[in-house]
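Report on the following structure.
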Amino acid sequence: MKRTKINSILTSDQQDYEVVVKGWVRSFRNNQFIALNDGSCMSNLQIVIDLKTDAAIVKRISNGAAISVSGNLIASQGKGQRYEVKASSIEIIGDCDGEKYPLQLKNRPSLEYLREIAHLRFRTNTFGAVFRVRHALAFAIHEFFNNQGFVYLHTPIITASDAEGAGEMFRVTTLPFDNPPRLDNGQINFEEDFFGRSTNLTVSGQLEAELAATAFGEVYTFGPTFRAENSNTARHLAEFWMIEPEVAFNNLTDNMDLAEAFIKYIIGYALENCKEDLTFLAQRLSEEEKLKPQNERSEMGLIEKLEFVVNNEFERITYTEAINILLQSPAYKKKKFQYEVSWGIDMQSEHERYLVEKHFKKPVIVTDYPKEIKAFYMRQNDDGKTVAAMDILAPGIGEIVGGSQREERLEKLEQRMNEMHIPTKEMDWYLDTRRFGTIPHAGFGLGFERIVQFVTGMGNIRDVIPFPRTPKNAEF
RNA sequence: UCCUCCUUAGCUCAGUUGGUUAGAGCAUCUGACUGUUAAUCAGAGGGUCGCCUGUUCAAGUCAGGCAAGGGGAGCCA
């Protein structure tokens, strides 16, 4: 008989039928009741064992053990659940030695401890919920773009392009690092390397996405991205997943519309399809919030916050307006900002948080930044000072999206690249798009783990990716 | 990378002014239990006090160094 997944049993109205269920024991009470979890949902299925069950089997029903149960699914005789399985036979598939098993759910192990046993943390309610939501968001992303006719583009993970300047890169090489081949001048001879040149792990698929957008019209990437920055924060990973749509003929407003609709769609999808997990995560978050001082607690619960984002327009302001708001703010006048505020600064976390969490209390899209603090490919505005950039700032986690309309005018682009000392020769393939049928186009990048953080309410980005890669840590 | 806090049993944490054999709850193990819901009850085992060096008659406790982790900042997505 084929096994039935626990979520389909619990969401169905059928009862009084034979089932086979397989999963892992979460608890075993009164020598009689097993809480069985198979990962298909947060809830456990209660198994009631026959009192005549072999004592040797009963002894092996320990926390973490994998078992198979056949029996009748009936309305529960107890109060805590709707259904239960009256077991007719129990098979131990995999024993779990209690003395050695490090996961003790009743002790409420800390997130930090669970991170050390990341191979087992999927078995907890919290991480089960987080990674089911992560999956749902990934699925929703593909669904959103597919519905709109985007082509999913796989950009290279190994690249030779080092001109984008998005961050420090991990080098990819097969040369022996203790004795690499050298040129007469002592420099390493990368012509002898695997690719015949120096290569790195990608920091962004954007430039390649732009190439494809000039043929397909709308494309998106969704893949791993690598930054060798020594960032030790709850918002940064050395290996993370990024979504980068790129759309031909879009201007900055179209770009903002797309980003806003996209974020609302995937959050809406999670609200619709992950109710049980989000309810649990909301509960978890509110318990965590209770430990904080009153003035640091958020005003909204997790689900309330997500619904608010889905149902309200994002605030759209220019960088210049943002600076003016900061200059006129009570926080500025009371000298509460640690960093100075003036037109031309790259806004600090404290400034972004003020705009999002204190002033507007909703996601904010800031546009038209000074060109000096933005990348070379962003389209220059007519004022000669700003570029058609946009960042989306979200409450609690800051910058979640960075995007722009791209500079499609060859001369302007080359001029800007020269000013920023970016070698135009190596980027010839990129400039070709501006030579042959150039078009206005726009796109953005969204850090996947940041949106997973936002939706699940998890405070540390290391807890929303299965096996986090961070400085000094590549365990598992 | 900078600032700051922390590190004691499998987990979460107490540990007074430096002073005898380092404690609790939970987990684990043994036993009991025919309706449990973080089951309950009885009993038992479990410690290189992060690592190194120093001060002292005496260090979990004081000082210095190192490491790991948390929080904040920078860089960013």
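Values reported hereafter were calculated over all heavy atoms of this structure, with side chains retained and with hydrogens, waters and symmetry mates removed. First the proteins, then the strands, lettered A, B, ... as listed; each starts at 1. Keep in mind that this is a model prediction, so the values were computed, not measured.
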Could you please name the option among [options] that lies closest to any side-chain atom of [X]?
{"X": "A:F33", "options": "B:G35, B:C75, B:G71", "answer": "B:G35"}
{"X": "A:S349", "options": "B:A73, B:C11, B:C29", "answer": "B:A73"}
{"X": "A:R29", "options": "B:U37, B:A27, B:G35", "answer": "B:U37"}
{"X": "A:N30", "options": "B:G71, B:A39, B:A73", "answer": "B:A39"}

Discussion item. Given the ring of A:F144, does A:K264 sit roughly above its face, with NZ or CZ under 6.0 Å from the centre of the six-membered ring and within 45° of the axis?
Written reply: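 Cation-pi check for A:K264 and A:F144: fails.
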Discussion item. In this structure, is the centre-to-centre distance between the rings of A:Y339 and A:H351 below 6.0 Å?
Written reply: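 No, the ring of A:H351 stays outside the 6.0 Å limit from the ring of A:Y339, centre to centre.
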Roughly how many Å is it from [atom1] in [X] to [atom2] in [N], rounded to a whole number?
{"X": "A:Q46", "N": "B:A39", "atom1": "CD", "atom2": "P", "result": "11 Å"}
{"X": "A:F28", "N": "B:C33", "atom1": "CZ", "atom2": "C1'", "result": "11 Å"}
{"X": "A:K106", "N": "B:U40", "atom1": "NZ", "atom2": "P", "result": "8 Å"}
{"X": "A:Y339", "N": "B:C3", "atom1": "OH", "atom2": "C1'", "result": "11 Å"}
{"X": "A:Q104", "N": "B:G46", "atom1": "CD", "atom2": "C1'", "result": "12 Å"}
{"X": "A:I345", "N": "B:C75", "atom1": "CD1", "atom2": "P", "result": "11 Å"}
{"X": "A:N63", "N": "B:G10", "atom1": "CG", "atom2": "C1'", "result": "14 Å"}
{"X": "A:M347", "N": "B:G74", "atom1": "CE", "atom2": "P", "result": "13 Å"}

Less than 4.0 angstrom from a charged side-chain N to a carboxylate O is my criterion; do [X] and [Y] meet it?
{"X": "A:K86", "Y": "A:D16", "answer": "no"}
{"X": "A:R416", "Y": "A:E419", "answer": "yes"}
{"X": "A:E449", "Y": "A:R134", "answer": "yes"}
{"X": "A:K59", "Y": "A:D95", "answer": "no"}

Between [X] and [Y], how do the two ring planes meet: parallel, tilted or perpendicular, split at 30° and 60°?
{"X": "A:F145", "Y": "A:F150", "result": "tilted"}
{"X": "A:F262", "Y": "A:F444", "result": "tilted"}
{"X": "A:F337", "Y": "A:Y354", "result": "perpendicular"}
{"X": "A:Y369", "Y": "A:Y319", "result": "tilted"}

Practice prompt. From the options A:R26, A:Q283, A:R284, select the one residue that forms a side-chain hydrogen bond (donor to acceptor under 3.5 Å, both in side chains) with A:N125.
Written response: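 Of the listed options, the one satisfying the test is A:R26.
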With a cut-off of less than 4.0 Å, is there a side-chain N or O of [X] near OP1 or OP2 of [N]?
{"X": "A:S231", "N": "B:C76", "result": "no"}
{"X": "A:S27", "N": "B:A39", "result": "yes"}
{"X": "A:N230", "N": "B:G74", "result": "no"}
{"X": "A:Q348", "N": "B:G74", "result": "yes"}
{"X": "A:N232", "N": "B:G74", "result": "no"}

Which part of the nucleic acid does [X] contact within heavy-atom distance under 4.0 Å: base, sugar-phosphate only, or nothing?
{"X": "A:E84", "value": "base"}
{"X": "A:K59", "value": "sugar-phosphate"}
{"X": "A:K79", "value": "base"}
{"X": "A:Q77", "value": "base"}
{"X": "A:S76", "value": "base"}
{"X": "A:G98", "value": "sugar-phosphate"}
{"X": "A:R26", "value": "nothing"}
{"X": "A:D97", "value": "nothing"}
{"X": "A:L103", "value": "nothing"}

Item to complete: Determine which bases of RNA chain B form Watson-Crick or G-U wobble pairs with both distances under 3.5 Å, and write the result as a 5' to 3' dot-bracket string with | for other-strand partners.
Response: (((((.(..((((.....[...)))).(((((.......))))).....(((((..]....)))))).)))))....
Could you go over nucleotides 47-52 of chain B and give all protein N or O partners under 3.5 Å, atom names and distances?
none

Worksheet item: Is a side-chain donor-acceptor pair under 3.5 Å present for A:E210 with A:Y377?
Response: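 No, no side-chain donor-acceptor contact under 3.5 Å.
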Practice prompt. Compute whether any side-chain donor of one residue and acceptor of the other, for A:R29 and A:S27, lie under 3.5 angstrom apart.
Written response: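 There is such a pair between these side chains.
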Worksheet item: Near RNA chain B, under 4.0 Å by heavy atom, which residues of residues 112-146 of chain A?
Response: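 RNA chain B contact set from residues 112-146 of chain A: A:E112, A:Y113, A:R115.
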Worksheet item: Using the P atom in both, what is the distance from B:C62 to B:U7, to the nearest Å?
Response: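 Looking at atom P only, B:C62 and B:U7 are 11 Å apart.
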Worksheet item: Given that A:E350 and A:Q81 both sit by RNA chain B, which one's nearest nucleotide is further toward the 5' end?
Response: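 Going by which nucleotide is closer to the 5' end, it is A:Q81.
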Worksheet item: Side-chain contact, heavy-atom cut-off 4.5 Å: A:H236 with A:T470?
Response: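 No; the side chains remain at least 4.5 Å from each other.
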